[in-house]
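Shown next, in C-alpha cells, is the structure this report addresses.
Here is the naming used below: chain letters follow the sequence lines, and residue numbers restart at 1 for every chain.
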Amino acid sequence: MVKKYNYKVTEKKWQERWLKQGIYEPGLKSLSAKGRKPFYNLMMFPYPSAEGLHVGNMYAFTGSDVYGRFKRMQGYDVFEPIGLDGFGIHSENYALKVGTHPAKQTKISEKNFYRQLKEIGNGFAWKEKVETYDPEYYRWTQWIFAEMFKRGLAYRKKQAVNWCPSCKTVLADEQVISGKCERCSTEVIKKDLEQWFFRITKYADRLLKDLEKLDWSERIKIAQRNWIGKSEGAEVEFRIKNKESGIKDTGVVKVFTTRPETIFGATYLALSPEHDLVSSTKYQVSNWKEVEDYIKKAKAKSDDPPSHKATEGQGEKTGVELKGVRAINPATKKEIPIWVTDYVLAGYGTGAIMAVPAHDERDFEFATKYKLPIYDVIEPVYIQDTEPGIVKEGLPFEHRDAVIVIVKHWSEDKYIGLKWKKVAWGTFITGGIEKGQTPEEAAKTEIREETGYLNPKFVDDFGIVHGKFYHVPKKVNRFAHSHVVYLELQDGAREDISEKEREIHDVLWLTLPELEKFLTPGSHHHALRMLKKTQRAYEELGILRNSGDFDGMDSEESKWKVTEFVGGKRKIQYRLRDWLISRQRYWGPPIPMIFCEKCAENKKGEQKEMPGWYAVPEKDLPVVLPPVKDFRPRGKGQSPLASVKFFYEVKCPACKSLARRETDISDNFLDSAWYYLRYIDSKNKKELFSKKLAEKWLPINMYIGGAEHSVLHLLYVRFLAKVFYDWGLVRFDEPAKKFRAHGLLIRDGKKISKSKGNIINPDDFIKEFGADALRMHLMFLGPFEDGGDFRDSGILGLSRFLDRVFKLVASDNFRKSGNLDFERILHKTIKKVTEDIENLHYNTAISALMILLNEAEKSDGISKEQAASFLKLLAPFAPYLSEELYQQFFGSKLGVRSSKRFDSIHLSEWPKYDSNLIKENTFNLVVQVNGKTRDAFEVSTNIKEAEAKSLALNRERVQKFTEGKEIKKTIFVAGRLINLVI
RNA sequence: GCCCGGGUGGCGGAAUGGUAUACGCGCACGACUUAAAAUCGUGUGAGGCAACUCGUGUGGGUUCGAGUCCCACCCCGGGCACCA
C-alpha cells in the first residue's frame with residue numbers, strides 16, 4: 001500500500017536541504033567556469049509595499065524560476081538572485097498607512113517576503129540577496145549620484161515639475177499616467193521647484209538605436225520607441241516686431257516644426273505660457289493685464305484642487321494674444337500675430353510653435369475659435385494603399401489632369417455615384433480634362449458621356465486633389481490631378497449613353513451617408529468632405545501651393561529647401577525629457593550633495609555651471625538616512641530632512657565653512673537601475689562590483705519582468721548601463737541580452753485589486769495544496785507572456801496530477817526494460833517540453849506532461865529510467881515532489897557520481913530525445929472531398945499519391961461522395977491528407 | 001484620437017494554411033462504499049433517430065482547403081495622449 005503524498009513534510013525538508021547544500025549557489029567567484037557556463041537568470045525584484053507577497057509576484061517569480069531550473073539542468077551555472085526594493089515611496093506609503101516607522105515596517109515585510117519566497121520553491125542564490133535600504137547598498141546608489149554629478153550628467157534646474165499633492169513629492173514624467181500619480185492615482189499638478197535631473201536626453205539617440213539589437217519582447221521595444229519619440233524637423237527663427245515703434249526688432253523666437261514646408265501657411269505664432277518672450281514683452285504689449293491673468297489661470301488650472309477633471313488633453317483650447325507685438329513669417333515676410341496658449345507645451349522643442357491651421361488639427365481648432373486666418377498651402381495627395389488599386393511598385397506614373405465631378409439630383413438631396421463593374425470601385429463621376437478645356441467644360445462632357453444627363457449647372461470648383469493609384473482596367477499607375485467640381489442638375493432630362501459606357505459602371509443616386517460607405521479612393525472621400533464643408537486640417541503630405549517658388553513641389557522634396565530658404569536648421573527632437581531624480585520624502589537614499597553659500601558667492605564649485613555645489617566625498621559615503629520620528633511628508637516642496645538640523649548642517653568639503661546638505665532623497669528607480677550589478681558582488685566593500693565578475697556574469701542572459709515597467713525601470717537600467725559603459729566600468733552597453741515581459745494575472749476575468757476584494761492569498765493555497773500545486777496551477781493558466789486567469793477550483797486538477805505522479809512512481813513497481821510504445825511517447829514529450837519551456841509556453845509543456853502521465857497509467861508499466869526522465873521533465877515545475885521521488889527511488893543509484901552532496905535532481909542532466917524514436921511509421925491519412933473531411937485511416941508514412949488515391953477511392957465513406965462524379969483534381973500532402981476535387 | 005494585444009465549448013485554454021475544441025476545470029452517468037468524501041471508469045460544441053448539416057466576434061475576399069492569409073467593420077483588455 002502506497003502512502004499518500006505528504007507535501008507539507010516534503011516541501012519543508014527539501015527547502016532546508018537545498019539551502020544547507022547550497023545547490024542553487026553558483027560558482028560566482030570561481031573565475032574559471034568549471035565546465036558550466038554562467039547563466040544570469042534575473043527576475044525584477046519586488047518592492048515590499050505590503051505585508052507579504054502578492055500572488056502576481058508569485059506568478060512572475062515562478063515563471064522565471066521554471067526557466068532558470070531548466071537552464072540549470074541543461075548544464076548552465078545558473079545565478080538566480082533575489083532581493084528587496086524597499087527604499088522608496090511605496091514602502092513609505094505603506095508604513096504611513098499602517099502607522100509604523102518605515103525602518104521598522106521594512107523589517108517586518110522583509111521577513112514575510114523572504115519566508116514566502118522560500119516556500120514557493122525557487123532556486124534562489126540566497127547568499128547574494130540585497131536590500132536597497134541597506135546602507136551598504138545605498139552607499140553605492142549615492143556613489144553613482146556623485147559620479148553623475150562629477151561627470152556632468154546630474155544638474156539642478158528650476159522647472160515646473162509634476163507634483164503629487166497626495167504623495168507630497170515631485171514625480172518623473174514616466175511616473176505620471178494620464179495626468180495622475182502612478183502610485184496613488186491622485187491628479188498631478190505643476191509646481192515650480194529647483195530639482196536634480198539626470199541628463200538621460202543625452203543618451204536618447206543611443207537608447208533608441210540600440211533597441212534594434214535587443215532580443216526583447218516587441219511590445220516593450222515599441223513602448224520605448226514611442227516614449228523616446230524621435231522627430232525629424234527644422235528649427236526656424238521668427239523675428240519679433242514691436243508694433244508701435246514699427247521698426248525696432250525686439251528679438252527672435254525659435255520654433256521647432258516637423259513640417260517646415262508648410263511655413264507659408266503659418267498665420268500666427270503660439271507660445272507656451274512659460275515662454276521667455278512672454279514676460280520680456282511685458283512693457284510692449286497693450287493687454288498685459290489680460291496676459292498675466294491668462295498665465296495665472298493656465299497655471300491654476302493644474303494647480304488647484306484635484307476636483308475638476310483632466311487638466312489637459314481633450315479640453316477646449318484657450319489663449320490670449322500678445323497685443324502690440326507681431327512676428328514676421330520668414331517665408332511670406334508678412335506680419336502675423338503672437339498668441340500665448342497652454343496647448344503649446346513648455347517642455348518640448350522650444351516651447352513655441354508656428355501655427356499652420358490649414359495643416360494641423362490643433363492649430364485649426366484654435367484658429368477657428370479665435371477667428372485667425374487659415375491659409376491653405378498643401379494640396380492633398382492620396383496614395384491608394386488598400387486593394388483594389390494599390391500603386392504597382394516600379395511602374396512609372398502617368399500624369400493626368402482630371403475632374404472629380406459631384407452631381408446633385410434636381411429635386412432630392414442625392415448625388416451621383418459610379419459603381420464600377422469590373423473592379424470593386426465606388427467613385428464620383430471622373431474623367432480627364434482635354435486640351436483647351438476648363439474643368440467646368442470637362443465636367444459637363446463627363447456627365448453627358450457617363451450618365452446621359454443633359455442639364456447640369458456649374459456651382460463651384462472646390463480646388464485640387466491629387467491621387468496616386470493603379471488603374472486596374474487600364475493597367476497603369478496613375479497620378480491624377482483632379483479639380484473637384486460641383487454641379488446641380490436642373491432637371492431629369494437625359495439621353496441614352498453608349499453601350500461601352502454602360503459596361504463600365506452603373507449610375508447610382510446616393511445620399512451623403514450612403515456615399516460615405518460607397519466611395520473607395522481617398523481622393524474621392526476628400527472631395528466628399530469638401531462638399532460637406534467638413535474638411536478640417538489636411539495633415540498628410542502633399543503638393544505645395546501658395547508657396548512662392550516652391551509651388552508644385554511635393555512635401556518631401558521641398559521640406560529642406562524651404563528650411564534653407566527661411567534660414568532654418570535641420571533638427572532632431574526627442575520627446576524624452578531629462579530624468580527628474582529629486583524626491584521630497586523621507587524613506588530613500590539622501591542625495592549626496594552639499595551646497596556652500598560662500599563658495600557660490602566666490603563662483604567656486606565642482607562644476608563650473610553650478611557654483612557652490614559639491615558631491616559628498618567618497619570616503620564620507622554613505623550619507624546615512626538619520627532616524628526621524630516624524631517622517632511624514634511636509635508638502636512644502638521640502639523633504640522632512642530639511643528640518644533635521646544635525647543632518648543638514650555640514651562642513652563644505654572645499655572651504656570648510658558651514659554649508660548645507662541637500663535634504664531631498666533620490667528617486668526609487670535609481671536604486672533599481674543598477675541592482676543587477678550588486679548581486680554579482682554583494683559583499684564588496686571597496687567598489688560597487690568587481691570588473692572581473694562583471695565580465696563573467698554580465699550582461700544578463702534572461703531578464704523577466706512586468707510590462708508595466710516598459711518605460712520606467714527598463715529605460716533607466718539601459719541608461720545607466722550605457723553611462724557605466726562610457727565610464728569604462730563595464731564592457732557591455734545593454735544590461736540584458738534577452739528580456740521577456742510576463743502577462744498579467746487576473747482572477748475570474750477581472751483585475752486583482754483590493755478595491756475589488758478579489759485578492760488571492762498565496763499562503764492559503766500553499767497550505768491547502770502545496771507549493772508545487774500552486775506553481776503548476778499558475779503556470780498552467782495560459783501562456784506565460786500573455787498572463788492567466790486564476791480560477792480557484794482549477795488547482796484541484798494540478799493537485800490530482802501530482803498525487804497520480806506520486807502513486808505511479810512511489811508504487812516502486814517498475815518494468816525491467818521500458819515498453820517501446822511508451823518510450824516513443826516519452827521522447828516526443830521530451831522534445832515538446834524542451835521547446836515549450838524555451839519559449840515560455842509553460843501551459844502546453846504541463847499539458848504534455850499530463851498526457852505522458854495518462855499514457856504511463858494506461859501502459860503495462862514503465863521502467864526506472866523512464867520514470868526518472870519523467871521526473872526530470874517535471875522538476876522545473878514541481879521541484880519538491882520531483883526531488884522527493886528522485887531521491888527516494890533513484891538518487892545515486894542511477895550512476896550519478898556520489899559525493900558529500902546528494903545528487904539533486906535539479907543538478908541532474910536534462911533528458912535528451914532520440915529523433916529516431918520520434919519518427920512515425922504510419923500516420924492517419926485524412927481524406928477530403930472538396931476540402932471537406934470525409935474519412936481518415938492509418939497508412940504507411942512512405943505512401944505515394946497514387947496509392948493513397950486508390951485506397952481513398954475504395955473507402956465506402958468516400959465513395960458516397962464520389963459516386964458517378966469525375967475527379968477533376970487531387971491534392972496530396974505527404975504525411976497529412978489527400979483532397980479529391982469533384 | 002494614436003499604438004500594442006485579444007475575441008475559439010458552460011469555463012481556463014490547444015491548434016507549421018490541412019481531422020477545430022488537445023490538456024485541465026466543471027457537469028452527467030457508472031464502479032467502489034452502509035453512506036458520503038476521496039479515488040477510478042465512461043461521456044460531454046449545437047441540431048438531427050440517422051445519414052448528415054451547422055459551427056472559431058460580423059461581413060466580404062484569396063485558396064482544392066481559412067481559427068490561421070487579405071480587406072472593411074464591431075467588441076474587449078492594456079499603453080500613450082495637445083510632443084508641433
Side-chain angles (χ1 to χ4, degrees), chain A residues 4 177-179 217-220 222-223 225-227 229-231 233 255-259 262 270 310 312-315 317 341-345 347-356 359-363 365-366 386-388 424 517 520 539 573-577 707-708 710-711 743-744 746 748-749 751 776-777 780-783 785-798 800-801 803-804 807 841 843-851 853-854 857 924-936 957 960 968-971 973 975-982:
Chain A
K4 200 175 171 336
I177 314 290
S178 308
S217 300
E218 203 50 41
R219 55 184 164 140
I220 303 294
I222 290 167
R225 258 180 223 124
N226 292 342
W227 188 263
K230 179 178 179 170
S231 333
V255 304
F256 173 73
T257 173
T258 53
R259 299 292 302 277
T262 63
E312 72 292 85
Q314 263 56 311
K317 295 180 179 33
T341 166
D342 64 357
Y343 86 84
V344 177
L345 304 177
Y348 182 76
T350 60
I353 60 157
M354 63 177 211
V356 184
H359 306 293
D360 182 284
E361 282 292 351
R362 296 152 301 175
D363 300 343
E365 188 194 324
F366 193 79
T386 57
E387 287 297 4
K517 288 198 176 143
T520 40
E539 295 189 301
Q573 183 68 46
Y574 294 93
R575 205 191 88 114
L576 184 71
R577 317 285 159 85
E708 69 274 19
S710 313
V711 289
L744 208 66
I746 57 173
D748 300 323
K751 253 196 207 169
M776 292 201 72
H777 178 49
F780 189 60
L781 295 174
E785 290 180 82
D786 293 355
D789 190 347
F790 194 100
R791 309 262 157 157
D792 296 6
S793 64
I795 197 170
L796 285 169
L798 285 304
R800 274 174 212 152
F801 169 76
D803 282 341
R804 282 162 57 202
K807 253 182 231 161
H841 293 166
N843 56 333
T844 47
I846 292 173
S847 140
L849 290 172
M850 287 171 167
I851 295 170
L853 177 65
N854 290 345
E857 287 173 342
N924 201 23
L925 178 75
V926 169
V927 186
Q928 297 184 335
V929 178
N930 280 349
K932 283 201 163 114
T933 301
R934 296 303 182 187
D935 202 0
R957 292 164 60 97
K960 247 171 42 190
K968 287 183 194 140
K969 196 171 167 185
T970 310
I971 284 111
V973 183
R976 284 236 178 246
L977 60 75
I978 184 160
N979 185 9
L980 307 167
V981 184
I982 55 173

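For the pair A/H841 (side chain) and A/E785 (backbone), a donor-acceptor distance under 3.5 Å is absent. Under a 3.5 Å cut-off, the side chain of A/D363 and the backbone N or O of A/V356 do form a donor-acceptor pair. Of the possible donor and acceptor atoms, one in the side chain of A/R259 sits under 3.5 Å from a partner among the backbone N and O of A/E539. Side-chain atoms of A/N930 come within 3.5 Å of backbone atoms of A/I982 as a donor-acceptor pair (strictly under, hydrogens ignored). Listed for the A/T350 side chain is a donor-acceptor partner under 3.5 Å among the backbone atoms of A/A352. Under a 3.5 Å cut-off, the side chain of A/R934 and the backbone N or O of A/V927 do not form any donor-acceptor pair.
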Query raised in the report: Nucleotide by nucleotide, 5' to 3', does protein get under 4.0 Å of the base (B), only the sugar-phosphate (S), or neither (-) in nucleotides 44-53 of chain B, counting heavy atoms?
Result: -------SSS
Report summary line: Readout for nucleotides 12-25 of chain B: B = base within 4.0 Å of protein heavy atom, S = sugar-phosphate only, - = neither; 5' to 3' it is BSS-B-BB--BBSS
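Using a 4.5 Å cut-off on side-chain heavy atoms (C-beta onward), A/T258 and A/Q573 make no contact.
What separates CG of A/D342 from C1' of B/C82 is a distance of 9 Å, to the nearest Å. Between the P atom of B/A37 and the CG atom of A/D803 lies a distance of 18 Å, rounded to the nearest Å. Atom NE2 of A/H777 is separated from atom P of B/G26 by 11 Å (rounded to the nearest Å). Computed from coordinates, the A/R577 CZ to B/C80 C1' distance equals 13 Å when rounded to whole Å. B/C82 atom P lies 14 Å from atom CG of A/N226, rounded to whole Å. The interatomic distance linking A/Y348 (OH) with B/A81 (C1') rounds to 14 Å, in whole Å. We find that NZ of A/K807 is positioned 8 Å from C1' of B/C40, with the value rounded to whole Å. Straight-line distance from the CZ atom of A/R575 to the C1' atom of B/G79: 11 Å, rounded to whole Å.
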Report summary line: Under the rule of Watson-Crick or G-U wobble with both distances under 3.5 Å, where | means paired to another strand and [ ] a crossing pair, RNA chain B maps to (((((((..(((.....[....)))((((((.......))))))(((....)))..(((((..]....))))))))))))....
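Ring-plane geometry between A/Y348 and A/F256 is classed as perpendicular, the angle between the planes exceeding 60 degrees on a 0 to 90 degree scale with a lower cut at 30.
Both A/K230 and A/V711 lie near RNA chain B, and the one whose nearest nucleotide falls closer to the 5' end is A/V711.
A donor N or O paired with an acceptor N or O is found under 3.5 Å between the base of B/C82 and the side-chain atoms of A/K317.
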Query - Audit row: A/L849, A/F780, side-chain contact (heavy atoms from CB on, under 4.5 Å) steps and yes/no - result: CA-CA 11 Å; A/L849 290 172; A/F780 189 60; over 6 Å; no
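Regarding the sugar-base torsion, B/G9 falls in the syn class, its angle being within 90° of 0.
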